[in-house]
Amino acid sequence: MRTIKHPLYLLALLFLTICSSCTKYDFVETGKAKAYHDTTMWEYFQTDSYNWSYLVYMIKRAGLEDLFQGKSTQYGPEITFLGMTNHSIRRYLYRTYGIKTDGSESPENAVDPSKLTEEETMKLIDRMSVATCRSLILDCVIPKEKILLEDFPAGRRAADGSAVGTGGKTYTMASGKQLWLYTFRDTYAGVAGAGANRLHVVSPTTSISRDIASHNIQTRTGVVHSLQYDFTPTDF
């Protein structure tokens with residue numbers, strides 16, 4: 001019996017390891033594990049300060065609370081939001097207002113990011129114009145549609161390196177900018193198309209491509225697809 005249990009134990013351990021890896025695949029910890037939140041998107045953001053506190057502050061500064069409360073007549077009762085997390089916003093603030101480490105000219109009243117408190121970092125948002133806050137947020141909003149991961153069309157990167165490939169769909173964001181979004185299933189265990197279904201976002205203007213890290217965070221006023229932590233608002 002011992003000779004049988006040993007390989008079975010190793011097989012079970014291997015299976016658990018694989019499952020554990022799959023759990024974290026394509027996921028940014030949003031602080032809430034459940035997919036549906038019986039709140040408005042605005043209320044949901046306020047339940048997870050780790051990821052969304054800077055965004056909440058930017059929304060207030062831009063006067064866009066109605067957009068995320070589903071009260072906007074211009075953008076509709078439901079939206080799809082490509083969520084930029086605190087990590088992304090912090091990177092933008094440091095690049096815009098921080099002391100340059102490469103010797104180039106720093107902005108007026110530049111700050112040393114390593115010495116800033118969390119509150120001081122958040123207050124850098126006050127140095128952003130209302131118009132900038134508004135445009136960076138609206139760049140990430142697909143108005144009047146709640147689009148889940150499985151509803152985005154499949155596509156493929158261009159073989160010649162062009163920004164827009166085949167399939168997918170080009171969406172006009174609330175800011176007026178256009179983004180090409182497509183889904184693609186990765187290869188898993190050597191089998192093409194057997195991996196996780198991933199959503200990719202490409203800016204035809206900047207040619208920058210970014211992946212969605214956490215999908216289908218549903219609220220009463222739309223759905224959030226959280227961008228990876230390496231996203232910077234100016235990427236679009």
Side-chain angles (χ1 to χ4, degrees), residues 28-31 40-69 71-72 74-75 79-143 172-179 201 203-214 217 221-222 224-236:
V28 162
E29 178 56 60
T30 58
T40 65
M41 196 179 295
W42 175 242
E43 292 167 330
Y44 159 69
F45 288 141
Q46 294 174 76
T47 67
D48 183 6
S49 60
Y50 177 80
N51 282 293
W52 309 117
S53 61
Y54 294 170
L55 176 64
V56 168
Y57 199 82
M58 285 180 65
I59 291 171
K60 289 179 179 178
R61 181 159 176 75
L64 288 172
E65 295 97 323
D66 282 359
L67 169 63
F68 296 95
Q69 291 170 341
K71 299 178 181 179
S72 171
Q74 182 177 3
Y75 302 116
I79 62 172
T80 300
F81 184 61
L82 308 180
M84 50 181 173
T85 65
N86 283 355
H87 296 272
S88 295
I89 297 171
R90 185 184 295 110
R91 184 181 302 106
Y92 168 81
L93 293 172
Y94 289 177
R95 287 182 180 178
T96 305
Y97 304 113
I99 297 172
K100 301 295 187 291
T101 58
D102 62 0
S104 61
E105 186 177 353
S106 296
E108 186 178 358
N109 299 320
V111 299
D112 182 353
S114 65
K115 297 181 180 179
L116 294 181
T117 65
E118 187 72 5
E119 182 178 0
E120 289 171 336
T121 300
M122 183 173 288
K123 288 301 180 182
L124 289 179
I125 295 172
D126 290 333
R127 293 174 62 175
M128 298 168 59
S129 69
V130 171
T132 297
C133 277
R134 188 177 181 88
S135 64
L136 292 178
I137 292 169
L138 295 181
D139 282 349
C140 298
V141 173
I142 301 175
T172 300
M173 312 306 285
S175 65
K177 289 186 179 180
Q178 292 192 321
L179 297 178
V201 186
S203 168
T205 303
T206 65
S207 297
I208 293 176
S209 176
R210 290 290 179 259
D211 293 346
I212 296 297
S214 188
I217 305 169
T221 57
V224 180
H225 300 286
S226 180
L227 288 154
Q228 288 184 339
Y229 288 158
D230 64 355
F231 170 76
T232 303
T234 52
D235 286 350
F236 293 161

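All figures in this text were calculated on a predicted structure; none of them were measured in a lab.
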Rounded distance [0.5 Å steps], [atom1] in [X] versus [atom2] in [Y]:
X    : Y    : atom1 : atom2 : answer
K123 : L116 : NZ    : CG    : 13.5 Å
T206 : L179 : OG1   : CG    : 8.5 Å
L124 : T96  : CG    : OG1   : 9.0 Å
R91  : T232 : CZ    : OG1   : 4.5 Å
L227 : D235 : CG    : CG    : 9.0 Å

Aromatic ring pairing Y229/H87, orientation class (parallel under 30°, perpendicular over 60°, tilted between):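 Plane angle between 30° and 60°, so tilted.
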State which residues pass side-chain hydrogen bond (donor to acceptor under 3.5 Å, both in side chains) with [X]; sequence neighbours excluded, sorted by chain then number.
X    : result
Q178 : T172
T132 : S129
S135 : none
E118 : Y54

Ring pair (Phe, Tyr, Trp, His ring centres under 6.0 Å) involving Y75 - partner list, sequence neighbours excluded: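 Listed in chain order: nothing, the list is empty.
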With F68 via ring pair (Phe, Tyr, Trp, His ring centres under 6.0 Å) - residues at least two apart: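 With sequence neighbours excluded, F68 shows a ring pair (Phe, Tyr, Trp, His ring centres under 6.0 Å) to F45, F81, given in chain and number order.
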If you compare all heavy atoms of [X] against all heavy atoms of [Y], which two are closest, and at what distance to 0.1 Å?
X    : Y    : answer
L67  : I79  : CD1-CG2, 4.0 Å
A213 : Q228 : CB-CG, 3.6 Å
P233 : S88  : CD-O, 3.4 Å
D139 : S175 : OD1-OG, 2.6 Å
L136 : M84  : O-CE, 3.6 Å

Report, one line per pair, each donor and acceptor closer than 3.5 Å where one atom sits in a side chain of residues 104-111; sequence neighbours left out.
unit_1: S104; atom_1: OG; unit_2: D102; atom_2: OD1; d: 2.6
unit_1: S106; atom_1: OG; unit_2: K100; atom_2: N; d: 3.0

Full working for side-chain contact (heavy atoms from CB on, under 4.5 Å) between K60 and V56: CA-CA 6 Å; K60 289 179 179 178; V56 168; 3.9 Å; yes
Hey, are the side chains of [X] and [Y] touching, using non-hydrogen atoms and a 4.5 Å cut-off?
X    : Y    : value
L64  : V141 : no
R210 : L82  : no
L138 : M173 : no
D211 : V201 : no
E43  : T47  : no

Which residues satisfy the side-chain contact (heavy atoms from CB on, under 4.5 Å) test with [X], sequence neighbours excluded?
X    : result
Q69  : W42, E65, D66, K71
T205 : S203
S114 : D112
T221 : T40, M41, T219

Taking [X] for its side chain and [Y] for its backbone only, find out whether a donor-acceptor pair lies under 3.5 Å.
X    : Y    : result
R61  : M128 : yes
S214 : S226 : no
N86  : S53  : yes

Listed once per pair and sorted, the ring pair (Phe, Tyr, Trp, His ring centres under 6.0 Å) pairs that draw on residues 88-125, sequence neighbours left out: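 For residues 88-125, and leaving out neighbouring residues, there are no ring pair (Phe, Tyr, Trp, His ring centres under 6.0 Å) pairs at all.
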Worked check of side-chain contact (heavy atoms from CB on, under 4.5 Å) between Y57 and D126: CA-CA 9 Å; Y57 199 82; D126 290 333; 3.0 Å; yes
